[in-house]
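I have placed the structure first, in the form of structure tokens, so that the comments after it can refer back to it.
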Amino acid sequence: NNDWDLSAALIRGAGHFGAAFDIGSFAARLASAGGGMGSVDALLGQVTDARFSARGLIRDLFQQVYLGADLYRQLEGQVATHAPAIGLIATEEALIDVDVLTGLAMPIGIAPGRPRAEAEVAVRSFGWEGVFGSLVTDDDCVQAGQPGKPNPWCVLEAARRLGVTCSESVWYIGDTGDDMRASAAAGCSGAGVGEDAVALSGAGARLVRATTGEAVRAIVRGVGGYG
């Protein structure tokens, strides 16, 4: 559940298998081995060139393309060598209207698996300042010595900062299986967003909807189910 790890795994897989590389079968083999970069190392061997680690050159190039030249310089403190003027982060759109969020009669927080600086860029861009009572990021996980999702720490911490105890009446909305597994491990109810209801429900989602807005409306109405 980490874009840097995913990029590193795909690049290493393509380099290892060459023309025979098939993403689907590669992903299936990693999943059967338990997933994560540990499974990549077990399948392909340990990284001997630091440039190809998830926190080496791959991360640096990813950040340049994602952030764009100006934001990369602001957040990373370096001059970009391969970045476009405007990064992919500028193309992101809010998954739910701010009016819907501010109209909720409940405390809300977010726990994205991204660095705080990037999360704060999104919050400002979407006009979400002051909307969330807690924001738990990857930086918080690192500082606390905790792994990211599917470990439940970030969900539990987001709830703690809201003054809320995780229970079935507390919902965590996400679009990945790791989001749902983290929610379930924290003792919350998971609301999955996406078209693959089977995969999301299999990961622990109590409710699945096609969009974030639909998931929020279903939670407010107290309606579960899938589709």
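The shown structure was predicted, so the numbers you read here are calculated from the model rather than taken from an experiment. Just so you know, these numbers use all the heavy atoms, side chains as well, and skip hydrogens, waters and symmetry mates.
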Item to check | For Leu30, side chain to side chain contact (heavy atoms under 4.5 Å, CB included) partners two or more places apart | outcome: Phe26, Ser39, Val40, Leu43
Checklist entry - In chain order, what residues pass the ring-ring contact (aromatic ring centres under 6.0 Å, His included) check against Phe17, with sequence neighbours excluded? => result none
Next on the checklist: My understanding is that only residues two or more places apart in sequence, or in another chain, count here; which of them pass side-chain hydrogen bond (donor to acceptor under 3.5 Å, both in side chains) with Glu118?
Outcome noted: Gln63
Next on the checklist: Under a 3.5 Å distance rule, please check whether Ser189 uses its side chain to pair with a backbone N or O of Glu168 as donor and acceptor.
Outcome noted: yes
Checklist entry - Who are the side-chain hydrogen bond (donor to acceptor under 3.5 Å, both in side chains) partners of Asp140, not counting sequence neighbours? => result Arg116, Thr137, Arg161
Next on the checklist: Just to verify, what does Trp128 make a ring-ring contact (aromatic ring centres under 6.0 Å, His included) with, not counting sequence neighbours?
Outcome noted: Phe126, Phe132
Please tabulate, one pair per line, all N/O donor-acceptor pairs under 3.5 Å involving side-chain atoms of residues 95-112, not counting sequence neighbours.
| unit_1 | atom_1 | unit_2 | atom_2 | d |
| --- | --- | --- | --- | --- |
| Thr102 | OG1 | Val98 | O | 3.1 |
| Thr102 | OG1 | Asp99 | O | 3.2 |

Checklist entry - Do other residues, nucleotides or ligands put more than 12 heavy atoms under 6.0 Å from the CD atom of Glu195? => result no
Checklist entry - Which residues satisfy the side chain to side chain contact (heavy atoms under 4.5 Å, CB included) test with Ala28, sequence neighbours excluded? => result none
Next on the checklist: Working note: Arg206 + Met180, criterion side chain to side chain contact (heavy atoms under 4.5 Å, CB included); need CA distance, chi angles, decisive distance, verdict.
Outcome noted: CA-CA 9 Å; Arg206 288 187 57 203; Met180 298 302 96; over 6 Å; no
Checklist outcome for this item: The complete set of salt bridge (Lys or Arg N to Asp or Glu O under 4.0 Å) pairs with one or both residues in residues 8-35, sequence neighbours excluded, reads Arg12-Asp41
Next on the checklist: Arg114: which residues meet the side-chain hydrogen bond (donor to acceptor under 3.5 Å, both in side chains) condition with it, sequence neighbours left out?
Outcome noted: Tyr66
Item to check | Partners passing side-chain hydrogen bond (donor to acceptor under 3.5 Å, both in side chains) against Thr212 (at least two apart in sequence or in another chain) | outcome: none
Item to check | Remaining members of hydrophobic cluster (4.5 Å side-chain criterion), Val136 | outcome: Trp153
Next on the checklist: Run the salt bridge (charged side-chain N to carboxylate O under 4.0 Å, His left out) test against Asp196 and tell me which residues pass, sequence neighbours left out.
Outcome noted: none
Next on the checklist: Just by distance, no angles: are the side chains of Gln64 and Asp60 close enough, under 3.5 Å, to form a donor-acceptor pair?
Outcome noted: yes
Checklist entry - Is Arg59 paired with Glu76 through a side-chain N to carboxylate O contact shorter than 4.0 Å? => result yes
